[in-house]
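Below is one structure, written out as structure tokens; comments come after it.
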Amino acid sequence: MAPAVAFPTTDSAALTDFIINQGNGVKGLSELGIKALPKHYIQPEGERVDNSKIITNESIPIIDLSNWEDPKVADSICDAAEKWGFFQIVNHGVPVGVLDRVQDATHRFFGLPAAEKNKYSKDHSPSKSVRFGTSFSPQAETALEWKDYLSLFYVSEEEAAALWPPACRDEVLEFMKGSDLVIKRLLQVLMKRLNVNEIDETKKSLLMGSVRVNLNYYPICPNPELTIGVGRHSDVSTLTILLQDEIGGLYVKGRQGDDSWIHVPPIKGSLVINIGDALQILSNGRYRSIEHRVVANASQNRISVPMFVNPRPSAMIGPLPEVVANGEKPIYKQVLYSDYVKHFFRKAHDGKGTVEYAKIDT
């Protein structure tokens, strides 16, 4: 880390200019060697991680996918989706080399000069599909999150080749292609339990009609106990496929219904799978999207690469006909997916607040 330097971290305008306008992000702030967290990042006490609420004797399921023909594999996937909403997969068929290369590319992108990264910021990016930023929704947050990110929404090979940053473009595309088969297999298994025996083109568009990959960077933080890397939320996706590095820091809400949290330990070569709000809605609540959060770290920089597999923006999401065919009462209304996503991004992280937007009033 660079030696500590004087910086007016109490000056909101100077801080915004340095972090956002100049493209330094919180990575740049961290590398200045600041000794105290700027007040803008200090979370309310209720949003900070309380170590007494962390459950150390539980873990999310770890599922070996080496034998897809074994019925126990399908049962394990569906049971985890119903009971936990999160699970890790090993022997999933995505080569370790692919995973290593996209992690290296993440470090390479965030290691670029600020001016180069800033070419992809909200004010300068050549496309809405490519966005470098910091925190989650700074305009809506009362306290900022300690994270920088690059978000890449896949439109086409041609657009990616033309507009995605060369520092990471090829590796992200390789990660997407390498994960395609396991994503399809997971969805086939999950749909079968919902009495959907075939994923035709209409269902494919509904379940996996769009993909977004984020590269996340969580730099060393001077007071990690006062802030958060990512606040409590559930994803708006159908499925999220997460590659995390060896540092750790992802926590999933416990099943007890209280404010307990379970760490998701990194396993070399594994992928973390979680159910998103869209699949909770499509399954009429049978599969569960679960709150999760990321802690800040005082000694190590952390990266992660989540791939969000989503409905098409123009899709209407609601309980699948096959799910309610036997007379089961729908919990959710039909919602335009792009409206659902806009609702998510116009506010700060708030646990599972977004899914309430789709509930039928009773």
Where do [X] and [Y] come nearest, in terms of heavy atoms and distance?
X	Y	answer
L112	A167	CD1-CB, 4.0 Å
D64	N91	OD1-ND2, 3.0 Å
N24	F18	ND2-O, 2.9 Å
Q43	L144	NE2-O, 3.1 Å
A315	L206	CB-CD1, 4.0 Å
I275	A81	CD1-CB, 3.7 Å

Backbone of [Y] reached by a side-chain donor or acceptor of [X] within 3.5 Å:
X	Y	value
D245	I247	yes
S210	P311	yes
H92	G269	yes
S283	Y287	yes
N301	I220	yes
R232	E291	no
E47	G231	no
N67	E69	yes
T227	Y41	yes
S125	K128	no

- By side-chain contact (heavy atoms from CB on, under 4.5 Å), which residues pair with K184, not counting sequence neighbours? D180, K204, M208

- Message: Consider side chain to side chain contact (heavy atoms under 4.5 Å, CB included). Of L242, L243, L99, which one does V305 pass it with?
- Response: L243

- Query: Among D170, V172, V213, whose side chain to side chain contact (heavy atoms under 4.5 Å, CB included) with V102 holds?
  - Reply: V172

Flag for [Y]-[X]: side-chain donor and acceptor within less than 3.5 Å:
X	Y	value
S151	R212	yes
T238	N310	no
S52	D50	yes
D148	W146	no
Y218	Q300	no
N284	E328	yes
S76	D79	no
Q22	D17	yes

Do [X] and [Y] come within less than 4.5 Å of each other through their side chains, counting heavy atoms only?
X	Y	value
Y120	P165	yes
T106	C168	no
M191	L207	yes
P38	L29	yes
L37	C221	yes
V98	P95	yes
K253	S260	no
Y332	Y357	no

- Item | Q244/V264 under side-chain contact (heavy atoms from CB on, under 4.5 Å): CA gap, chis, key distance, verdict | CA-CA 10 Å; Q244 58 172 344; V264 180; 3.8 Å; yes

Mind checking the [atom1]-[atom2] spacing from [X] to [Y]? Nearest 0.5 Å is all I need.
X	Y	atom1	atom2	value
N195	N197	CG	CG	7.0 Å
S127	L163	OG	CG	5.5 Å
T240	D277	OG1	CG	9.5 Å
K192	E198	NZ	CD	12.5 Å
I262	S59	CD1	OG	7.5 Å
L190	I77	CG	CD1	6.5 Å

Can you list every pair that meets salt bridge (Lys or Arg N to Asp or Glu O under 4.0 Å) and has a residue in [range], with sequence neighbours left out?
range	answer
residues 82-92	E82-R193, E82-R286
residues 99-112	D100-K268, R101-E174, R108-E171
residues 298-325	K203-E322

- Task: Kindly confirm or rule out a cation-pi arrangement of R288 over W84, judged by NZ or CZ under 6.0 Å from the six-membered ring centre and within 45° of its axis?
- Result: no

- Item | CA sep, side-chain torsions, deciding dist, call: W68, V182, side-chain contact (heavy atoms from CB on, under 4.5 Å) | CA-CA 10 Å; W68 279 97; V182 72; 4.1 Å; yes

Tell me whether [Y] is reachable from [X] by hopping between hydrophobic residues (I, L, V, M, F, W, Y) whose side-chain heavy atoms are closer than 4.5 Å.
X	Y	result
Y154	V341	yes
L239	L271	yes
F153	M307	no
F132	L173	yes
V236	I183	yes

- Query: What pairs with F110 under ring-ring contact (aromatic ring centres under 6.0 Å, His included), at least two apart in sequence or on another chain?
  - Reply: Y217

- Please step through side-chain contact (heavy atoms from CB on, under 4.5 Å) for the pair L65 and V90, ending with a clear verdict. CA-CA 6 Å; L65 300 184; V90 296; over 6 Å; no

- Message: Atom CD of residue position E45 - does it have more than 12 heavy atoms of other residues, nucleotides or ligands inside 6.0 Å?
- Response: no

- Item | Stepwise ring pair (Phe, Tyr, Trp, His ring centres under 6.0 Å) check, F86 with H292 | CA-CA 10 Å; F86 262 84; H292 49 287; 5.0 Å; yes

- Set of side-chain hydrogen bond (donor to acceptor under 3.5 Å, both in side chains) partners for S270, sequence neighbours left out: Q88

